[in-house]
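Below you'll find the structure, written out as C-alpha cells, and then a few comments.
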Amino acid sequence: AQSVTQLGSHVSVSEGALVLLRCNYSSSVPPYLFWYVQYPNQGLQLLLKYTSAATLVKGINGFEAEFKKSETSFHLTKPSAHMSDAAEYFCAVSDGGLRAAGNKLTFGGGTRVLVKP
Amino acid sequence: NAGVTQTPKFQVLKTGQSMTLQCAQDMNHEYMSWYRQDPGMGLRLIHYSVGAGITDQGEVPNGYNVSRSTTEDFPLRLLSAAPSQTSVYFCASSTLTGTGEAFFGQGTRLTVV
C-alpha cells in the first residue's frame with residue numbers, strides 16, 4: 001500500500017523568502033510522484049511530476065522538486081515566494097510500476113501556504 | 001479546451017435525499033475517478049473506472065455508486081445522503097498507460113443537512 005506524509009498542514013513565509021514543502025512517501029514499487037496546487041474554490045492544477053527520468057524536476061511558476069530515493073522524499077521548493085503562491089499544495093504518489101502515472105493516486109493531507117507581505 | 005467538467009458546482013441536500021454528480025471529459029481518457037476532499041485528509045479515492053462498462057471501488061466507496069456507459073461520462077450517485085458525505089468532490093481523468101498526469105475538474109461542494 002502507498003502512503004504520503006506532508007509535514008506541516010500550514011506554512012507561513014514572507015514574500016521573497018524560500019518556500020519549502022516537505023513530502024515523504026512509501027511505495028512498494030518505483031513510484032510516480034506529483035505536486036498539485038489548489039487555489040481557493042478551484043480544482044487541482046499540476047505543478048510538476050516525477051516519472052523516473054531526472055531526479056530534479058522543474059515545474060510551473062518557478063517551483064521545483066527533487067526525488068531522493070534513499071530518503072523516500074519529494075520536497076517542493078521555490079527560491080522566492082510571491083503573493084500569488086498562497087494556496088494549498090498536495091503531494092501525491094501512484095505506483096507507476098503497475099499502472100499508468102495518473103491512475104489511483106494517493107494524496108498527502110495538504111499544506112496550506114500563507115505568504116506575508 | 002473543456003478538459004474535465006463537473007456539475008453542479010454547489011449542492012445542498014437533506015439527509016436521505018439522492019442525487020447524481022455529473023462528470024464529463026473530452027480528452028478520450030480511458031481512466032476516470034472520483035475523489036472526496038476533506039480538511040486535513042487530502043483527497044481520497046471513492047470509485048474509479050478503466051473504461052466503459054468497468055468500475056471498481058477505491059478507498060472510501062460506501063454510500064456511493066458509479067457507472068460508466070460511455071468513455072466521456074462518469075456520474076457519481078448518492079442514493080441516501082448522510083451528513084458524513086458533506087465534502088468537496090473531484091472527478092479526474094487520465095490515460096490508462098504512460099506517464100501522463102491526472103486532470104481534475106473544478107469540484108462540487110456538497111453539504112448534507
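As the structure is a computational prediction, the values presented were derived from the model and not from experiment. Every chain is numbered from 1, with letters handed out A, B, ... down the list of sequences.
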Q) Does B/V60 belong to the same Ile/Leu/Val/Met/Phe/Trp/Tyr cluster as B/M19, with side-chain heavy atoms less than 4.5 Å apart forming each link? A) yes
Q. Checking B/E59 against chain A: side chain, backbone, both or neither under 4.5 Å from a heavy atom?
A. neither
Q. When rounded to the nearest 0.5 angstrom, what is the spacing between CG in B/L43 and OG1 in A/T106?
A. 11.0 Å
**Q.** Heavy-atom closest contact (B/T95 atom, A/N103 atom, distance)
**A.** O-ND2, 3.1 Å
(Q) Is there a path of hydrophobic side-chain contacts, each under 4.5 Å between heavy atoms of I/L/V/M/F/W/Y residues, joining A/L18 to A/V113? (A) no
Q: Apply side-chain contact (heavy atoms from CB on, under 4.5 Å) to the pair A/Q42 and B/F104, showing each step before the final yes or no.
A: CA-CA 10 Å; A/Q42 294 192 24; B/F104 287 82; over 6 Å; no
Q.
Side-chain heavy atoms nearer than 4.5 Å, only ILVMFWY residues, links allowed to pass through others: does that put B/Y31 and B/V4 together?
A. no
Q.
I need the residue from A/G110, A/G109, A/A92 with the largest number of non-hydrogen atom pairs under 4.5 Å to chain B.
A. A/G109
Q: Output the distance between atom CZ (A/F107) and atom CZ (B/F90), rounded to the nearest 0.5 Å.
A: 9.5 Å
Q. Linking I/L/V/M/F/W/Y whenever any side-chain heavy atoms sit under 4.5 Å apart, do A/F67 and A/L48 land together?
A. yes
Q | Part of A/Q6 within contact of chain B (heavy atom distance under 4.5 Å) | A | neither
Q) Counting only heavy atoms not in B/R109, do more than 12 sit closer than 6.0 Å to its CZ atom? A) no
**Q.** Joint hydrophobic cluster, B/L76 plus B/V50, side-chain heavy atoms closer than 4.5 Å
**A.** no
Q. Using non-hydrogen atoms only, which part of A/L46 is less than 4.5 Å away from chain B: side chain, backbone, both, or neither?
A. side chain
**Q.** Interface moiety of A/Q45 toward chain B, non-hydrogen atoms closer than 4.5 Å
**A.** neither
Q: Keeping the roles fixed (side chain from B/Y35, backbone from A/L105), state whether a donor-acceptor pair exists under 3.5 Å.
A: yes
**Q.** OG1 on A/T51 to CD on B/E101, rounded to 0.5 Å
**A.** 10.0 Å
Q: Find out whether B/Y48 and A/K104 are in side-chain contact, i.e. whether some heavy atom of one side chain is under 4.5 Å from a heavy atom of the other.
A: yes
